[in-house]
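This report refers to the structure that appears directly beneath it.
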Amino acid sequence: MKRLSLPMYDIHHPDTRALTGILAQRLRAEVEWPADLLAHWRADDLLLSQTCGYPLVTMLPDVQLVGAFQLSAPGCDGARYRSWLVARQEDEDCALADFRGRRAVANSVDSHSGYNALRYLIAPLAQAGRFFSSTLLSGSHRQSLAALRAGKADIAAIDCLSWALLRRHAPHELAPLAIVGETPLCPAPPLIASAQTDAQTLATLRRVLTQFAEEKAARVSFISGFTVPERAAYNEIKRWEEQAAAHGVTCL
């Protein structure tokens with residue numbers, strides 16, 4: 001049986017189970033909760049999953065782009081989203097430049113919203129390729145926020161959909177924190193299928209996802225629609241990396 005997952009925004013597990021359950025029933029597929037995301041996204045029997053735009057343009061050249069959800073969370077604009085720059089409330093009046101020499105935290109180096117977007121913003125401010133004194137890799141946006149609260153880091157880029165879901169389901173995790181800036185908009189996380197997916201199956205996926213976006217369970221999760229962008233639209237994410245490198249910044 002073909003497999004599907006929605007691994008990117010499992011903030012409130014009952015909601016994620018509801019979303020994947022609807023899709024699994026309509027697509028006659030099995031829901032997977034992958035531990036190794038890259039292997040999952042590269043699997044030949046992958047029917048549907050959601051990835052980050054950065055892996056799409058750097059590590060997943062053969063997967064098929066199914067489309068992307070349009071999002072209604074604050075900070076989103078249709079199928080484009082941004083990250084908030086987040087710090088502790090004591091630093092709420094600081095600008096990004098004020099964090100020079102301080103500590104960053106990011107979910108992972110292959111994340112656009114948590115790593116690539118922040119690198120893009122600090123690149124024009126960096127000197128000799130350095131801006132932060134250190135960067136902690138936390139494993140998830142939620143863990144990056146925990147690191148801020150614990151004083152293990154001073155600033156993070158958190159995608160606006162994760163922030164909105166946490167505000168709804170775990171507002172206590174955001175209470176000691178403040179938004180101090182934002183990144184530009186970029187293409188929302190893509191929905192993908194195996195390279196072996198045929199045209200008929202791809203059309204079915206797009207039809208089901210268009211209908212799925214009208215479901216109450218989808219609207220509750222800030223999904224307001226479904227669209228099919230050109231794959232080339234995601235090259236914008238790679239350009240952010242290239243522009244940072246032009247300033248001599250290849251890492252946080």
Side-chain angles (χ1 to χ4, degrees), residues 6 8-11 50-58 65 67-88 91-92 94-99 104-125 131-132 135 138 140-145 148 153-169 171 173-174 177-191 213 219 221-227 229-230 232-244 247 249 252:
L6 292 175
M8 299 299 291
Y9 295 100
D10 189 19
I11 300 292
Q50 188 176 42
T51 184
C52 171
Y54 188 82
L56 180 74
V57 298
T58 59
L65 175 64
F69 289 132
Q70 295 170 317
L71 304 169
S72 62
C76 299
D77 183 6
R80 292 175 68 79
Y81 79 136
R82 59 165 46 87
S83 294
W84 303 127
L85 302 185
V86 179
R88 287 182 296 281
D91 290 324
E92 65 180 340
C94 292
L96 179 58
D98 297 323
F99 289 90
V105 59
N107 48 344
S108 65
V109 296
D110 62 354
S111 167
H112 172 71
S113 59
Y115 193 95
N116 188 48
L118 184 55
R119 174 174 55 191
Y120 171 76
L121 281 188
I122 62 102
L125 304 173
F131 182 80
F132 299 116
T135 301
S138 69
S140 72
H141 281 306
R142 201 167 193 171
Q143 290 304 311
S144 292
L145 294 170
L148 293 178
D154 302 304
I155 190 170
I158 306 295
D159 89 72
C160 61
L161 180 54
S162 292
W163 182 269
L165 290 168
L166 286 166
R167 180 169 292 284
R168 173 173 290 168
H169 297 293
E173 297 184 26
L174 307 183
L177 306 174
I179 294 173
V180 299
E182 63 185 40
T183 70
L185 289 163
C186 70
L191 295 155
R219 297 304 173 102
S221 296
F222 298 101
I223 295 169
S224 58
F226 171 78
T227 188
E230 294 290 333
Y234 287 90
N235 291 339
E236 180 179 359
I237 289 171
K238 186 66 175 173
R239 288 195 294 272
W240 288 22
E241 179 181 51
E242 293 167 349
Q243 289 175 35
H247 286 280
V249 178
L252 285 178

- Task: List in chain and number order the residues that pass salt bridge (Lys or Arg N to Asp or Glu O under 4.0 Å) with E182, two or more places apart in sequence or in another chain; answer none if no residue qualifies.
- Result: R82

- Query: Got I155 and F132 here, is their nearest side-chain heavy-atom distance under 4.5 Å?
  - Reply: yes

- Note on the structure: Applying salt bridge (Lys or Arg N to Asp or Glu O under 4.0 Å) to R88 and not counting sequence neighbours gives E90, D154

- Can you tell me how far the CZ atom of F222 sits from the OH atom of Y9, to the nearest 0.5 Å? 12.0 Å

- Enter the distance from H141:NE2 to M8:CE here, rounded to the nearest 0.5 Å. 7.0 Å

- Item | Rounded distance (nearest 0.5 Å) linking atom OG1 of T227 with atom CG of L191 | 11.0 Å

- Item | Flag side-chain contact, heavy atom, 4.5 Å: C76 against C160 | yes

- Message: Distance check, rounded to the nearest 0.5 Å: E230 atom CD versus N235 atom CG?
- Response: 11.0 Å

- Task: Evaluate the ring planes of W240 and Y120, with Trp represented by its six-membered ring, and classify them as parallel (under 30°), tilted (30 to 60°) or perpendicular (over 60°).
- Result: parallel

- Item | N116 side chain reached by I237 side chain, heavy atoms, under 4.5 Å | yes

- Item | With R219 via salt bridge (Lys or Arg N to Asp or Glu O under 4.0 Å) - residues at least two apart | E214

- Does L161 reach the side chain of S221, with side-chain heavy atoms less than 4.5 Å apart? no

- Calculate, to the nearest 0.5 Å, the distance between atoms CG and CG belonging to L96 and L85 respectively. 6.0 Å

- Nearest 0.5 Å, what's the NE2-OG1 distance between H112 and T183? 6.0 Å

- Flag for S144-S138: side-chain donor and acceptor within less than 3.5 Å: yes

